[in-house]
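All remarks here apply to the structure that follows.
Sequential numbering from 1 along the given sequence is applied to the chain's residues.
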Amino acid sequence: LNPDLKKAFSHYDSYQPWGEVIDSSKMTGKQLAKGIYQAGQGRSKTVFFEQEDHFIAIGGAHVLKANFEQIRTLTKSEKPLLHFVLTHHHRSNLRGLNHVLELNAKLVVANAHKEAVTSALNINDSEQKLVIVPDREPFELGDLTLFDIPTAHSQHYLLGYSETNKMIIAEEHFETDLKTAKPRIYKDMVIFSDALKSLNIEIDILVDIRSWRQFSMDEFSGWVNSFNGKTCPEG
């Protein structure tokens, strides 16, 4: 077809960026709250929860080893990884789960996703390597609480909650690279917000594992409450 590629990939005359973006190009590790850390590069990030004698991780498994090493350096700790929480069963999330087992940690998965996980790992003794979260029941894992909630992203989704910090930790539900500007709000976020309200828990901070940006609950609630769904004109 021989299109004019220079013209095809140039901005419109009226183009305006949404706002300044966060640079995630370098491996970084940082502390989010007491005992809670985040490490990674690009969208391949993991959140770690430090316990008395071990760590719990939630997030990207395919980069788990590198991210865990970054947090060990940051905390100057040799504590092992004991549990890795798989938020949901999509193909990209199942990638690299073997790294969890290589670190001698157990996989924490929703009951509904047990079959998908065992198939991805091609293991037989799943009971020895998996911790199953019962459907729709709060599950305590150290000082981390997991809630199995339905979202537009996954019918069974494991949401992390730190009651001490009033912080929720999710993945791919409100991710943005914008430093301060309002992110794009879409219907899935509204559905996610409704699921949060049904839990009846105190929330101050929202962390998306794949982004360095944190939101306050007031910010998030204001954004989703202002959402106007798009519909086709009648006829």
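- Rounding to the nearest 0.5 Å places CG of Leu178 at 8.0 Å from CD1 of Ile22.
- A 6.0 Å sphere centred on CD of Glu219 holds more than 12 heavy atoms belonging to other residues, nucleotides or ligands.
- Two residues are said to be in side-chain contact when any heavy atoms from C-beta on lie closer than 4.5 Å; Trp223 and Ser193 fail this criterion.
- Counting only heavy atoms from C-beta outward, the side chains of Asp177 and Asp23 never approach each other to under 4.5 Å.
- Side-chain atoms of Asp208 come within 3.5 Å of backbone atoms of Glu172 as a donor-acceptor pair (strictly under, hydrogens ignored).
- Phe174 and Val21 sit in two unconnected hydrophobic clusters of ILVMFWY residues. Membership requires side-chain heavy atoms under 4.5 Å apart, directly or through other members.
- Leu82 and Phe84 are members of different hydrophobic clusters when ILVMFWY side chains are connected at heavy-atom separations under 4.5 Å.
- The shortest distance between side-chain heavy atoms of Val117 and Leu107 falls below 4.5 Å.
- No side-chain donor-acceptor contact under 3.5 Å links Arg95 to the backbone of His62.
- The shortest non-hydrogen separation linking Asn93 to Leu86 is O-CD1, 3.5 Å.
- In this structure, the separation between NZ on Lys106 and CD1 on Ile132 is 10.5 Å, given to the nearest 0.5 Å.
- Evaluated for a side-chain contact (heavy atoms from CB on, under 4.5 Å) with Phe139, the options Leu158, Leu144, Val131 yield exactly one hit, Val131.
- Defined by atom type and a distance below 3.5 Å, a donor-acceptor pair is present between the side-chain atoms of His153 and His88.
- Atom NZ of Lys45 and atom OG1 of Thr28 lie 8.5 Å apart (nearest 0.5 Å).
- When all heavy atoms are compared, the tightest approach of Gln38 to Leu32 is OE1-CD2, 3.6 Å.
- Side-chain atoms of Gln31 come within 3.5 Å of backbone N or O of Ala33 as a donor-acceptor pair.
- To the nearest 0.5 Å, atoms CZ (Phe192) and NE2 (His173) are separated by 5.5 Å.
- Partner Met217 forms a side-chain contact (heavy atoms from CB on, under 4.5 Å) with one of Leu196, Ile205, Asp204 and no other, that one being Leu196.
- By the side-chain hydrogen bond (donor to acceptor under 3.5 Å, both in side chains) test, Ser154 is found to be paired with no residue, residues two or more places apart in sequence or in another chain being considered.
- For Thr46 (side chain) and Gly60 (main-chain N/O), a donor-acceptor pair under 3.5 Å exists by modelled atom type.
- A pairwise comparison of heavy atoms in Phe55 and Glu50 identifies CE2-CB, 3.5 Å as the closest pair.
- Across all non-hydrogen atoms, the minimal contact from Gly19 to Ala181 is CA-CB, 4.3 Å.
- Contact check for His113 versus Gln155: no side-chain heavy atoms found under the 4.5 Å cut-off.
- For the pair Asp188 (side chain) and Thr151 (backbone), a donor-acceptor distance under 3.5 Å is absent.
- Between Asn67 and the options His99, Met27, Gln41, a side-chain contact (heavy atoms from CB on, under 4.5 Å) holds for only Met27.
- Using cut-offs of 30° and 60° for the angle between ring planes, the Phe68 and Phe48 rings count as parallel.
- In the hydrophobic clustering of ILVMFWY residues, with side-chain heavy atoms under 4.5 Å counting as a link, Val133 and Ile58 come out together.
- There is no path of hydrophobic side-chain contacts, each under 4.5 Å, that joins Leu206 to Val47.
- With contacts defined as side-chain heavy-atom distances shorter than 4.5 Å, the pair Leu141/Phe49 does not qualify.
- Within the 4.5 Å cutoff, side-chain heavy atoms of Lys129 are placed close to those of Leu101.
- The OH atom of Tyr37 sits 8.5 Å away from the OG atom of Ser77 when rounded to the nearest 0.5 Å.
- No continuous path of hydrophobic side-chain contacts links Tyr157 to Ile209 [ILVMFWY only; heavy atoms under 4.5 Å].
- Every residue two or more places apart in sequence or in another chain was checked for a ring-ring contact (aromatic ring centres under 6.0 Å, His included) with His156, and none qualifies.
- Look at Arg213 and Glu175 and you find no salt bridge, because none of the NZ, NE, NH1 or NH2 atoms lies under 4.0 Å from a carboxylate O.
- Scanning both residues, Met189 and Arg184, for their nearest heavy atoms gives CE-O, 3.3 Å.
- Panel note: side chain Lys79, backbone Glu52; a donor-acceptor pair is recorded below 3.5 Å.
- Cation-pi geometry between Lys182 and Trp18 is not met at under 6.0 angstrom from the ring centre and within 45 degrees of the axis.
- The salt bridge (Lys or Arg N to Asp or Glu O under 4.0 Å) analysis of residues 140-154, with sequence neighbours excluded, yields the pairs Arg136-Asp148.
- Under the 4.5 Å side-chain criterion, counting only non-hydrogen atoms from C-beta, Ile201 is in contact with Ile203.
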**Request:** Dump the intermediate steps for salt bridge (charged side-chain N to carboxylate O under 4.0 Å, His left out) on Glu102 and Lys65, then the final yes or no.
**Result:** CA-CA 9 Å; Glu102 289 168 5; Lys65 290 183 177 180; 2.5 Å; yes
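- Considering every non-hydrogen atom in both Leu94 and Ala116, the closest pair reads CD1-O, 4.2 Å.
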